[in-house]
Amino acid sequence: MTSKIGSTVLGYPRIGPDRELKRALERYWSSRIGEAELRAVARELRAQTWRSLWDAGLDSVPGNTFSFYDQVLDTAVTFGAIPPRFAKLGLGPLDTYFAMARGVAAEPPLEMTKWFDTNYHYLVPEIGPGTRFSLADRTPVEQYREAAELGVTTRPVLVGPLTFLLLAKSADGAPESFRPLDRLDALLDAYSELLGELHHAGVEWVQLDEPAFAADRSPAELAALRAAYQRLGDLVERPKLLVAGYFGDLGEALEVLASSPVEAIGVDLVAGKSTVDALSSVRGLSGKTLVAGLVDGRNVWRTDLDKALATAATLLGSANEVAVGTSCSLLHVPYDVEAETGIDPQVKSWLAFAAQKVREVVVLGRALRVGRDAVADELAEARAAIADRAAADRVRNNRVRARLQALRPEYTQRGEYDTRRAAQQKALNLPPLPTTTIGSFPQTTDVRKARAAVRAGRIDQATYRRRMQDEIERVIRLQEGLGLDVLVHGEPERNDMVQYFAEHLDGFASTDNAWVQSYGSRCVRPPILYGDVSRPAPITVEWASYAQRLTEKPVKGMLTGPVTILAWSFVRDDQPLGDTAKQVALAIRDEVADLEAAGIRVIQVDEPALRELLPLRRAEHEAYLDWAVTSFRLATCGVADSTQIHTHLCYSEFGDVINAIVALGADVTSIEAARSRMEVLDDLNAVGFGHGVGPGVYDIHSPRVPETAEVVDLLRAALAAVPAERLWVNPDCGLKTRGYAEVEAALKNLIAAAAELR
């Protein structure tokens, strides 16, 4: 069957096929281009996206999916939710927007955290009783007209009002009883005004995204959802409404939306597989359009089109009309697999990036409308690729599987913490409030050029090694001069904390151009984990050992943990995720053992994605946390008591995994805390966390340099919760994306603050 929405996607990448927006943003921030030039780049990127989706044959093209930084921040600006501390800066609209995202000297930025269980980061709105919502920005209307001038009719996409408020935090000074959701009625006034303007502009459909309801929600929140969409649905002058829920099963919210006046509901049938069975019994769908999210918007494997069509066939009687769509926005996948020339052709044949997923949606939609025969060739090609992947020898490694089967409980156990702590203090002899960094130092142009040159064959490995050693020595001498207590080698040889390890592990494929936006101008190239994982040779030992030979101070060995390697890769979907995590953990365990044997006495195994992979439904938490904690302990518990194990976590809400953080058993846990002003320490204290902790005191995702007094204040707040003998002093995260001038100034202030409190 077809619908007035028809075949569609819920969103599309926006950074540019060649990261054009990233480059333009960074030139604007460094004053190398002006606002007009930045907006011209943005306009061209929007035009490219609209034309490509229209030309690909989609029946409905999403609009208003472009963003200079983040769609939640865009929503805050659209509806006037600009905190007074930014409004008073007296900047123009665009610079106020970037001040909220990145901070300025006078004001730190909005808090940043993960968008549900993805590696995308959003800016957290600050909402208080005095927040005055209004239709303050008409970008959704303007971009609809902009597309129309190109001959493309779009469906404006907005973050839904419930999700916006549920993701917000209470502004400083708000009463303790206040919740941002208390302001729903006022926000709906502004949404209603915008819907009216879109209607008068000629918009037929608007998409409101409500992924917050793929998580557990209270009866009051469900009642708010019901009231909101009853009110918006009852508007006389409005476009038709598509409410999209994704990242899982909508649960009770599906019934609520089905009983509302909205015309269409989008459901994620990839992450929310149980939704398929639920749909047949949901009352109220018979008069609506169901947008079936059959194509995975978050992973890169080709869709099993036969299976997707079989699923679609079971849905035809559950709604008035069934349309084919993606499970979520394609923001989370790269642009086009055809841009990859270096990847193995067999592995490449198994993949679908955004452009290929659009074609899959079009093929599925056509098959539903006119029958399978019309797309027989496309179905046969997909069928062959699925079969080839399932039978490929490179996917299985019997030695790895045998090792996994032979695991014993003692592989995940260490001695008592107090015994370890005494042995480590004897070995390391650290002062109170020891200072360190999280791992990476700024990556200079020369470092990046050297990596590019060795990849291209313009310099040999010996020359490359000397250049990296020169950079490592420079970083070691800088840290010694600053007075840091535990040093790092700076990671000049690493392009990305996950990609680097994937390039040295069997079972992974790396890409050349498969960039995905993480936040703002920050992009990553997630590796593709297609087969069983093993470590053919040591990865980091050479660099860490060289750094340690340069100094008497301890140098941390820097590794990425198994959960984070999975979270920031495109992972195989043909076996349980926990089994894949344990394979990666065994590879990291081998690296930990080799670092210890080489004399590295401090080893940091980063798990910033621990909270990120937490399932949205509480019923699934225990199973996930069991294998996540087990995999970390499997990677780290093979060392002597005197070897200090660190871990690092950042940019997530940690309350839901606080017990898991304790269970990791790391000797020292460094954790993002600067933007949230040490809030996480209350959670740690609530569960009796008694190990070393380093709450971040320098927000490295902002260009501003904190003054010594500001760091002292943060440390005093930390000392109110953590005794000095367990408190470490460190930035929030690695320093790779910052410049040396700001890093040196910030670290001087950090060290001075620690010295003052000692």
Side-chain angles (χ1 to χ4, degrees), residues 108 417-418 420-439 441 475-488 490 547-548 551-556 601-604 642-650 666-682 684-685 689-700 704-735 742-758:
Y417 171 71
D418 287 344
R420 296 180 349 233
R421 182 165 169 263
Q424 291 159 20
Q425 184 58 26
K426 182 178 179 181
L428 299 173
N429 192 31
L430 295 172
L433 306 180
T435 57
T436 189
T437 65
I438 301 305
F441 265 67
V475 169
I476 290 292
R477 300 298 173 230
L478 170 63
Q479 293 172 87
E480 287 182 324
L482 289 170
L484 285 162
D485 299 306
V486 176
L487 313 187
V488 297
Q548 186 62 80
T551 182
E552 294 297 318
K553 290 190 173 185
V555 172
K556 282 193 288 188
R601 294 167 290 168
V602 182
I603 301 172
Q604 182 170 308
S642 57
T643 296
Q644 191 172 76
I645 296 293
H646 288 227
T647 192
H648 171 64
L649 301 97
C650 62
D667 298 303
V668 179
T669 299
S670 57
I671 195 164
E672 179 274 321
R675 288 197 185 191
S676 60
R677 307 293 296 180
M678 300 288 155
E679 286 178 1
V680 68
L681 295 180
D682 291 335
L684 287 170
N685 282 336
F689 186 76
H691 293 197
V693 61
V697 294
Y698 162 30
D699 174 19
I700 66 88
R704 68 187 294 273
V705 173
E707 296 294 334
T708 300
E710 180 181 336
V711 179
V712 167
D713 287 345
L714 287 170
L715 287 174
R716 288 193 190 281
L719 283 166
V722 179
E725 62 268 20
R726 289 198 290 108
L727 186 66
W728 285 64
V729 183
N730 49 257
D732 271 339
C733 199
L735 305 171
E742 61 194 273
V743 162
E744 289 186 44
L747 291 181
K748 284 179 182 176
N749 293 346
L750 179 152
I751 293 163
E756 180 177 330
L757 289 174
R758 283 173 187 162

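Computed from a predicted structure; not experimentally measured.
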Trainee: Where is the tightest heavy-atom contact between Leu715 and Leu757, given as atom of each residue plus distance?
Mentor: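 Heavy atoms of Leu715 and Leu757 come nearest at CB-CD1, 3.3 Å.
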Trainee: Please list, chain by chain and in numerical order, all residues satisfying ring pair (Phe, Tyr, Trp, His ring centres under 6.0 Å) with His646, sequence neighbours excluded.
Mentor: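 For His646, the residues satisfying ring pair (Phe, Tyr, Trp, His ring centres under 6.0 Å) (neighbours in sequence not counted) are Trp728.
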Trainee: Checking Ala755 now: which residues fulfil side-chain contact (heavy atoms from CB on, under 4.5 Å) with it, not counting sequence neighbours?
Mentor: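 Ala755 satisfies side-chain contact (heavy atoms from CB on, under 4.5 Å) with no other residue.
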Trainee: More than 12 heavy atoms of other residues, nucleotides or ligands under 6.0 Å from NZ of Lys748: yes or no?
Mentor: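 Count not over threshold, so no.
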Trainee: Got a sec, which residues hit side chain to side chain donor-acceptor pair (under 3.5 Å) with Gln604, two or more places apart in sequence or on another chain?
Mentor: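 Gln604: side chain to side chain donor-acceptor pair (under 3.5 Å) contacts with Lys556, Asp606.
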Trainee: Could you pull out all residues at least two apart from Ala746 that satisfy side-chain contact (heavy atoms from CB on, under 4.5 Å)?
Mentor: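 Residues passing side-chain contact (heavy atoms from CB on, under 4.5 Å) with Ala746: Tyr698, Val705, Pro706.
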Trainee: Val668 vs Val602, test: side chain to side chain contact (heavy atoms under 4.5 Å, CB included). Steps then yes/no.
Mentor: CA-CA 10 Å; Val668 179; Val602 182; over 6 Å; no
Trainee: Supply the atom-to-atom distance His648 NE2 to Ile438 CD1, rounded to the nearest 0.5 angstrom.
Mentor: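 If we round to the nearest 0.5 Å, His648:NE2 and Ile438:CD1 are 5.0 Å apart.
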Trainee: Quick one: side chain to side chain donor-acceptor pair (under 3.5 Å) partners of Arg726, sequence neighbours excluded?
Mentor: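 With neighbours one apart ignored, the set is empty.
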Trainee: Residues in side chain to side chain donor-acceptor pair (under 3.5 Å) with Asp667, at least two apart?
Mentor: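 By the side chain to side chain donor-acceptor pair (under 3.5 Å) rule, Asp667 matches Arg414, Arg420, Gln424.
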Trainee: Answer whether the closest heavy-atom distance between the side chains of Leu747 and Leu735 falls below 4.5 Å.
Mentor: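 Yes. Closest side-chain heavy atoms under 4.5 Å.
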Trainee: If we only count heavy atoms from C-beta on, is the Gln548 to Thr551 side-chain gap below 4.5 Å?
Mentor: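 Yes - at least one pair of side-chain heavy atoms lies under 4.5 Å apart.
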Trainee: State, with a plain yes or no, whether a side-chain heavy atom of Gln425 is found less than 4.5 Å away from one of Glu725.
Mentor: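 Answer no - side chains too far apart.
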Trainee: Can you list the residues that meet the side chain to side chain donor-acceptor pair (under 3.5 Å) rule with Ser642, with sequence neighbours excluded?
Mentor: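 With sequence neighbours excluded, Ser642 shows a side chain to side chain donor-acceptor pair (under 3.5 Å) to no residue whatsoever.
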Trainee: Would you give the length of the straight line joining atom OG1 of Thr647 to atom NE2 of His691, rounded to the nearest 0.5 angstrom?
Mentor: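 Between atom OG1 of Thr647 and atom NE2 of His691 there are 13.0 Å.
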Trainee: Run the salt bridge (Lys or Arg N to Asp or Glu O under 4.0 Å) test against Arg716 and tell me which residues pass, sequence neighbours left out.
Mentor: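 Applying salt bridge (Lys or Arg N to Asp or Glu O under 4.0 Å) to Arg716 gives none.
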Trainee: Identify, with sequence neighbours excluded, every residue that meets side-chain contact (heavy atoms from CB on, under 4.5 Å) alongside Ala754.
Mentor: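 Thr435, Val729.
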Trainee: Looking at CG of Leu727 and CG of Leu433, how far apart are the two atoms once the value is rounded to the nearest 0.5 Å?
Mentor: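 If I round to the nearest 0.5 Å, the distance is 5.5 Å.
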Trainee: Looking at Thr436 and Val486, what are the two nearest heavy atoms and their distance?
Mentor: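 Nearest heavy atoms, Thr436 then Val486: OG1-O, 2.8 Å.
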Trainee: Side chains of Glu672 and Cys733, heavy atoms from C-beta outward: is any pair under 4.5 Å?
Mentor: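 Not in contact.
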Trainee: List in chain and number order the residues that pass side-chain contact (heavy atoms from CB on, under 4.5 Å) with Glu707, two or more places apart in sequence or in another chain; answer none if no residue qualifies.
Mentor: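 Applying side-chain contact (heavy atoms from CB on, under 4.5 Å) to Glu707 gives Asn749.
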Trainee: Could you report the tightest heavy-atom contact between Leu750 and Pro731, atom names first, then the distance?
Mentor: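 So the two residues come closest at CD1-N, 3.9 Å.
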Trainee: Which atoms form the tightest heavy-atom contact between Gly439 and Val488, and what is the distance?
Mentor: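 Minimum heavy-atom contact is O-CG2, 3.1 Å.
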Trainee: Using the test salt bridge (Lys or Arg N to Asp or Glu O under 4.0 Å), find all partners of Asp485 that sit at least two apart in sequence or belong to another chain.
Mentor: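 Asp485: salt bridge (Lys or Arg N to Asp or Glu O under 4.0 Å) contacts with Arg758.
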Trainee: For Arg601, give me all partners under salt bridge (Lys or Arg N to Asp or Glu O under 4.0 Å), at least two apart in sequence or on another chain.
Mentor: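 With sequence neighbours excluded, Arg601 shows a salt bridge (Lys or Arg N to Asp or Glu O under 4.0 Å) to no residue whatsoever.
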Trainee: How far apart are the closest heavy atoms of Leu428 and Pro554, and which atoms are they?
Mentor: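 The pair with the smallest heavy-atom distance is CD2-CB, 3.9 Å.
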